[in-house]
Amino acid sequence: LSIDPYATWNATLRIISLTLAALLVRHNAVERRGRLIVASGLLAGGLFQAGYGLFEFISGRQHIFGFQKIHFTDVATGTFINRNHLASYLEMIIPVALGLAMLCFPRATRPAGTGSDSMGPLKRTRRLAVAGGPESFRALLLLMGAFLMAIALLMSRSRMGIVSMLFALVAGGLAMGLRGRSRGFAIASVGVAAVAVTFASQIDILPVVKRFHQVRDEFGAGYSRLDVWKQSGALLSDYPIVGSGLGTWEAAFSPFRDDTAQLRVDFAHNDYLEFTAEAGA
């Protein structure tokens, strides 16, 4: 079942731990109040990571509390070492912030306890009066939080993080569209993204653009990720059913390398490919 039982045992325990954590969260988020508490906790964590990461990045201090960073000193990473870890954390939480903001908007534009068609459109004066209420202010704060996290995501310069963020917003818009509530989410998403890009351009957005330009070089020059993916075909065919074992990518992949590059390949740089190779069909 595994070419390295110890590595597979460690990986399996990690997956079990993550699964238990997910089940605990799910158990405590059955009711609306529980979901709001979990979402608020996630949002608080995202705001801290974004604020701390931007402070260290803009100030040039580049520490993680008392630890001086050695790697990724030219980007925002929050309390993470790797920029992709901060980006993946934020790209999952930004839609949560937008979703919480959307919960405030309907109540800020229509009297409580009325359906969408029961009273017709509100008068302009009443809309203006309600728009200045605490619900609208709360929604504005949530949008500002999403904006802060979007800035930190851009300053991480993580290409996959930025692309994943776009996919997450599209998926969220489609999910809410099935319930007939996608317009507000779409407007908020586009607005936050536009303001974040505009603000980031005043800091330094050219390195973000250059990172995307480097994709062609990274897939074509020297021993690239594309070469790793091509060479992994033989690995997949050798372990088609149960895979080589969770956590064994590096050991399993080494015998199938046909290059002369003196480079260690401890990850496939493609989670889907790596999981398929390790776990099989």
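Numbers here are sequence positions counted from 1.
- Grouping the Ile, Leu, Val, Met, Phe, Trp and Tyr side chains by contacts below 4.5 angstrom, directly or via other members, places V192 with L47.
- No path of Ile, Leu, Val, Met, Phe, Trp and Tyr side chains, each step under 4.5 Å between heavy atoms, connects I64 with F55, placing them in separate hydrophobic clusters.
- Between A196 and A150, the shortest heavy-atom distance links the atoms CB-CB, 3.7 Å.
- Counting heavy atoms of neighbouring residues, nucleotides and ligands inside a 6.0 Å radius, atom OH of Y272 does not exceed 12 of them.
- Proximity of F212 to V163: side-chain heavy atoms (C-beta onward) are separated by under 4.5 Å at one or more points.
- Between the side chain of T73 and the backbone N or O of I70 there is no donor-acceptor pair closer than 3.5 Å.
- T8 contributes a side-chain N or O that, together with a main-chain N or O of L246, makes up a donor-acceptor pair within less than 3.5 Å.
- Taken to the nearest 0.5 Å, the OG atom of S156 stands 7.0 Å off from the CG atom of L90.
- Taking CG from L235 and OG from S254, the interatomic distance works out to 10.0 Å, rounded to the nearest 0.5 Å.
- Across all non-hydrogen atoms, the minimal contact from L98 to S189 is CD1-OG, 3.4 Å.
- In this structure, E56 contributes its side chain and H63 its backbone to a donor-acceptor pair below 3.5 Å.
- Counting heavy atoms from C-beta on, the side chains of F48 and T79 come closer than 4.5 Å.
- Within a 6.0 Å radius of CG in D266, more than 12 heavy atoms belonging to other residues, nucleotides or ligands are found.
- For the 3.5 Å distance criterion, the side chains of S158 and N84 qualify, holding a donor opposite an acceptor.
- E135 and C104 get closest at one heavy-atom pair: O-CB, 3.4 Å.
- Each of L100, V96, L103 was evaluated against L142; a single residue qualifies, L100, per the side chain to side chain contact (heavy atoms under 4.5 Å, CB included) test.
- Counting non-hydrogen atoms of other residues, nucleotides and ligands closer than 6.0 Å to CZ of F267 gives a total of 12 or fewer.
- The backbone N or O of W249 sits less than 3.5 Å from a side-chain atom of E278, completing a donor-acceptor pair.
- A donor-acceptor distance shorter than 3.5 angstrom exists from the side chain of S232 to the backbone of W229, with no hydrogens or angles considered.
- Of the candidates L86, I94, L54, M149 forms a side chain to side chain contact (heavy atoms under 4.5 Å, CB included) with just one, namely I94.
- Looking at I37 and R33, their side chains come closer than 4.5 Å, going by heavy atoms from C-beta outward.
- Between the CZ atom in F72 and the CZ atom in R157 there is a gap of 12.0 Å [rounded to 0.5 Å].
- Counting heavy atoms from C-beta on, the side chains of D227 and D259 never come closer than 4.5 Å.
- Considering every non-hydrogen atom in both V38 and A29, the closest pair reads CG2-CB, 4.2 Å.
- The backbone N or O of A101 sits nowhere less than 3.5 Å from a side-chain atom of R138 that would complete a donor-acceptor pair.
- A 4.5 Å side-chain heavy-atom check between Y239 and I3 finds at least one atom pair inside the cut-off.
- Note: Y52 and F80 fail the aromatic proximity criterion, with ring centroids not under 6.0 Å apart.
- Inter-residue side-chain proximity for E250 and V265 is flagged as unmet; no heavy-atom pair is nearer than 4.5 Å.
- Of the inter-residue distances, the one linking L236 atom CG with F256 atom CZ reads 9.0 Å to the nearest 0.5 angstrom.
- No donor-acceptor distance shorter than 3.5 angstrom exists from the side chain of Q62 to the backbone of K69, with no hydrogens or angles considered.
- With rounding to the nearest 0.5 angstrom, the CG atom of L23 is 11.0 Å from the CG atom of N28.
- For the residue pair R211 and R159, the shortest heavy atom distance occurs at O-NH1, 2.8 Å.
- The side-chain heavy atoms of M165 and L153, taken from C-beta on, include a pair separated by under 4.5 Å.
- A distance of 12.0 Å separates CG of L20 from CD1 of I15, quoted to the nearest 0.5 Å.
- Under a cut-off of 6.0 angstrom, the local environment of CZ in R61 is crowded, with over 12 non-hydrogen atoms contributed by other residues, nucleotides or ligands.
- Counting all heavy atoms, side chain and backbone alike, Y89 lies closest to L42 at OH-O, 4.4 Å.
- Counting heavy atoms from C-beta outward, N270 and V228 have side chains that stay 4.5 Å or more apart.
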